[in-house]
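Report on the structure given below.
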Amino acid sequence: MRDVLFLPFDDGVELAIAADGSAAVGEKPGDAVFAPAETTAYFAARVALMELASVGAEAKAVVLQNFIADECWEALCRGIKRAGDELGLDLPIAGSSESNFATVQSALGVMAIGTVASGQKRIGITPEAAKFAVIGRPLVGPAVLAHPDWIAPLSLVAELLASPYVYELIPIGSKGIFYEWTQLLAANGRRWRACACPLPLFASGGPATSLLISYDPAGEQVLRRLAGCLFFPLFAEP
């Protein structure tokens with residue numbers, strides 16, 4: 001269902017674990033997309049941290065797997081820290097680097113670890129009367145770097161999660177808008193329904209440059225003002 005693993009931790013509290021990876025994006029000759037190491041790590045951390053925040057979990061630490069080179073460790077940590085800062089988080093970072101062999105393409109993995117109260121998960125809480133929207137545009141590869149203004153910023157994600165009008169928020173990944181729509185329906189025990197949106201439903205969302213929200217219709221104008229040109233309504237077929 002959702003891309004977060006939950007494990008029993010303490011009385012009424014669960015560990016929440018989310019991860020993201022990146023390959024062939026970096027500064028090596030074999031990479032498919034050229035991007036600084038700091039930027040690559042930022043977007044991987046952004047995905048993992050958004051996944052935790054979206055289910056109501058608070059991130060506590062990040063684990064970095066660096067398959068690029070030892071010398072880029074600090075740059076990768078700066079990217080992760082930038083993502084954390086945008087969510088108001090100061091997170092310790094641990095991990096390891098591949099230092100035995102040189103790789104021809106860049107690759108890294110970021111795991112975010114947090115906690116959530118068992119009764120406060122933001123999953124399966126969308127009522128029948130809810131409306132839906134996509135915030136930001138689904139982008140992948142060079143388009144992510146070319147159109148930063150089309151990406152839902154983490155500061156906006158935090159505002160949406162804090163809004164009393166937003167029920168659930170789901171980062172849109174490589175499987176696209178429609179896939180995340182079906183996951184939202186399933187999590188709420190709803191039957192399958194088609195949908196329509198001004199954005200491409202099956203395009204890859206890359207490093208979660210956009211997100212799907214369910215919301216209270218009474219707050220639509222507030223949310224439209226908050227998201228501005230990044231607000232795209234999603235209409236569910238009856």
Side-chain angles (χ1 to χ4, degrees), residues 2-4 18 20 39 42-43 45-59 82-89 122-140 143-185 187-188 193-237:
R2 297 295 292 274
D3 294 330
V4 179
D20 191 56
T39 300
Y42 166 78
F43 279 103
R46 167 193 166 92
V47 174
L49 293 174
M50 279 178 63
E51 290 286 358
L52 287 192
S54 72
V55 298
E58 180 181 355
R82 176 184 155 201
D85 288 346
E86 291 178 7
L87 288 170
L89 301 170
R122 295 184 70 144
I123 300 176
I125 59 172
T126 299
E128 285 284 352
K131 295 182 73 173
F132 308 91
V134 175
I135 310 298
R137 295 173 180 260
L139 304 172
V140 68
V144 175
L145 302 177
H147 301 288
D149 293 342
W150 293 358
I151 299 172
L154 288 177
S155 56
L156 175 58
V157 173
E159 288 183 278
L160 291 170
L161 288 169
S163 170
Y165 298 113
V166 175
Y167 299 121
E168 293 185 69
L169 183 155
I170 302 179
I172 295 170
S174 59
K175 295 180 181 177
I177 294 170
F178 187 77
Y179 173 81
E180 303 299 352
W181 162 249
T182 62
Q183 296 302 291
L184 179 62
L185 292 179
N188 285 276
R193 297 161 69 188
C195 65
C197 182
L199 299 170
L201 292 175
F202 299 97
S204 171
T209 58
S210 59
L211 47 104
L212 172 66
I213 64 169
S214 60
Y215 65 92
D216 183 343
E220 178 165 324
Q221 294 309 311
V222 173
L223 297 176
R224 282 182 177 271
R225 286 195 296 272
L226 193 62
C229 64
L230 297 178
F231 187 99
F232 298 91
L234 185 144
F235 304 101
E237 292 190 2

Fill in: Minimum heavy-atom distance Ala203-Pro138, with the two atoms named
O-CB, 4.4 Å

Worksheet item: salt bridge (Lys or Arg N to Asp or Glu O under 4.0 Å) with Glu128: which residues, sequence neighbours excluded?
Response: Arg190

Worksheet item: Side chains of Thr126 and Glu168: is there a donor and an acceptor less than 3.5 Å apart?
Response: yes

Discussion item. Test of understanding: with salt bridge (Lys or Arg N to Asp or Glu O under 4.0 Å), list the residues that count as partners of Arg193, not counting sequence neighbours.
Written reply: none

Discussion item. Determine whether the aromatic ring centres of residues Tyr215 and Tyr165 are separated by less than 6.0 angstrom.
Written reply: no

Worksheet entry | Test item: side-chain donor near acceptor, Glu86 and Tyr42, under 3.5 Å | yes

Discussion item. Tell me every residue that passes ring pair (Phe, Tyr, Trp, His ring centres under 6.0 Å) with Phe43, counting only those two or more places apart in sequence or in another chain.
Written reply: none

Discussion item. Measuring only between side-chain heavy atoms, which start at C-beta, is Leu169 closer than 4.5 Å to Arg122?
Written reply: no

Fill in: Minimal non-hydrogen separation, Ile125 against Asn188, with atom names
N-OD1, 3.2 Å

Practice prompt. Look at Lys131 together with Glu220 and state whether they make a salt bridge at an N to O cut-off of under 4.0 Å.
Written response: yes

Item to complete: Report yes if some heavy atom in the side chain of Arg224 is under 4.5 Å from a heavy atom in the side chain of Pro233; otherwise report no.
Response: yes

Worksheet item: Counting only N and O atoms by type, is there a donor-acceptor contact under 3.5 Å from the side chain of Arg137 to the main-chain atoms of Leu230?
Response: no

Practice prompt. Return the minimal non-hydrogen interatomic distance between Leu184 and Ser214, and the atom names on each side.
Written response: CD2-CB, 4.3 Å

